[in-house]
There are 2 protein chains.
Amino acid sequence: MNGRFPIAMHIMTLLCASNESLLSSEYMAGSININPVLIRKELSNLLKHGLIISQLGKNGGYILAKPAKDITIAGIYQAVKPDAILGQAKNQPNPACPIGKEINSHLKNLDAEIEQVMLNKLGTTTLAEFCKKFE
Amino acid sequence: MNGRFPIAMHIMTLLCASNESLLSSEYMAGSININPVLIRKELSNLLKHGLIISQLGKNGGYILAKPAKDITIAGIYQAVKPDAILGQAKNQPNPACPIGKEINSHLKNLDAEIEQVMLNKLGTTTLAEFCKKFE
DNA sequence: TAATATGTAATAAAAATTATTACAATACAA
DNA sequence: TTGTATTGTAATAATTTTTATTACATATTA
């Protein structure tokens with residue numbers, strides 16, 4: 001996992017706290033202290049996942065696509081989740097080894113199980129609840 | 001998360017399947033298809049965590065430190081787990097922003113909760129059970 | 001029509017991961 | 001007691017991934 005989830009959470013929290021006024025990528029980059037282009041890339045992704053809405057042109061910016069009480073942390077995680085939460089080996093194991101031959105498929109199954117319990121847990125908190133912590 | 005967990009699992013599974021005969025780092029590197037020095041680094045770490053035992057010198061190698069039924073996947077994960085399973089932002093958020101100022105501590109709490117449910121789940125499977133899948 | 005945003009491509013810089021080389025220390029076996 | 005195979009680890013190089021920057025087309029408002 002890289003820094004995408006913290007960035008996505010930061011973006012969503014800012015938008016939640018903005019109380020439906022448009023925020024610019026420049027403003028959010030200032031809060032996160034990161035390059036505006038990277039933010040816009042993540043914003044593109046959140047947009048694609050239907051979590052936010054953008055408005056082009058002057059005075060444009062971003063707002064949440066729906067009420068924060070209807071967005072769960074799980075939904076945000078889904079938008080940025082890596083292929084394998086438990087990590088992926090870069091090299092193909094030796095197919096002549098009885099363990100090496102099969103291990104990737106077993107690890108993949110394990111990964112799917114873990115992702116499920118994570119999503120269950122992350123699904124119990126809404127963005128609105130998370131945002132309340134900042135009051 | 002990088003490739004350390006898959007490597008650690010591969011090592012532990014090989015040792016479990018070896019039925020208490022010593023395996024060399026060279027042999028394991030061949031199954032995993034990775035550089036022997038990297039394997040030895042991970043072996044050092046597993047050693048430090050008390051999961052395996054090494055024997056120096058000619059005909060040396062590695063074996064499990066205890067029966068595979070007494071080792072859980074959670075125990076293996078603990079040996080290689082990253083600081084933050086949900087990822088860490090590289091940059092310090094803007095302390096002048098009310099969200100930026102606090103978000104890291106809230107994300108850290110969230111991370112701890114998620115790690116706990118992961119460990120609970122990984123704790124329900126032993127290495128012996130995982131190893132049985134390969135029969 | 002000027003100004004201010006989003007959206008995105010191309011590229012550069014930095015950081016992290018993985019691989020390699022080298023060699024000391026140890027223990028077995030002939 | 002000497003040669004050999006193995007662990008253990010440091011130093012360095014190569015590769016890959018992540019993050020930052022530059023540039024600019026497109027859209028919208030005033």
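Convention: sequence-line order gives letters A, B, ...; per-chain numbering from 1.
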Just the rounded figure in Å: distance from [atom2] of [N] to [atom1] of [X].
X	N	atom1	atom2	result
A:Leu38	D:dT21	CG	P	9 Å
A:Leu43	C:dG7	CG	P	8 Å
A:Gln55	C:dG7	CD	C1'	15 Å
B:Gln88	D:dT18	CD	P	15 Å
A:Glu26	D:dA20	CD	P	14 Å
B:Lys48	D:dT7	NZ	C1'	17 Å
B:Arg40	C:dT21	CZ	P	13 Å
B:Lys41	C:dA16	NZ	P	15 Å

[X] vs [N]: side-chain N/O to OP1/OP2 distance below 4.0 Å:
X	N	value
A:Asn59	D:dA27	no
A:Tyr62	C:dG7	yes
B:Ser24	D:dA5	no

### Message
Test your reading of the model: is there a side-chain donor-acceptor pair from A:Asn33 to the backbone of B:Asn94, 3.5 Å cut-off?
### Response
no
Could you give the side-chain donor-acceptor pairs of residues 123-135 of chain B under 3.5 Å, partners two or more places apart or in another chain?
unit_1, atom_1, unit_2, atom_2, d
B:Thr124, OG1, B:Lys121, O, 2.6
B:Thr126, OG1, B:Ala128, N, 3.4
B:Thr126, OG1, B:Glu129, N, 3.0
B:Glu129, OE1, B:Thr126, N, 3.0

Out of [options], which nucleotide sits closest to the side chain of [X]?
X	options	answer
A:Lys58	D:dT28, D:dA5, D:dA10	D:dT28
A:Asn2	D:dT18, D:dA20, C:dA19	D:dT18
A:Ser44	C:dT18, C:dG7, C:dA22	C:dG7
A:Ser54	C:dT6, C:dA22, C:dT18	C:dT6

### Query
Going by atom types only, do B:Asn109 and B:Glu113 share a side-chain donor-acceptor pair under 3.5 Å?
no
Over all strands shown, is [X] touching base, sugar-phosphate only, or nothing at heavy-atom distances under 4.0 angstrom?
X	answer
A:Ile34	sugar-phosphate
B:Gly60	sugar-phosphate
A:Ile39	nothing
A:Asn35	base
B:Leu47	sugar-phosphate

### Query
Do you know the tightest heavy-atom contact between A:Ile39 and A:Ile7?
CD1-CG2, 4.2 Å
#### Entry: Nearest non-hydrogen partners of B:Asn104 and B:Pro93, listed with the distance
ND2-CD, 3.5 Å
### Message
Pick the closest DNA chain D nucleotide for A:Val37 and for B:Ser25 by heavy atoms, then say which residue is nearer the 5' end.
### Response
B:Ser25
### Query
Want to settle it: does B:Leu56 or A:Ile7 sit nearer the 5' end of DNA chain D, counting the closest nucleotide to each?
B:Leu56
### Task
Assess whether side chain to side chain contact (heavy atoms under 4.5 Å, CB included) is satisfied between A:Asn91 and B:Ile32, documenting all intermediate values.
CA-CA 7 Å; A:Asn91 305 320; B:Ile32 301 177; over 6 Å; no
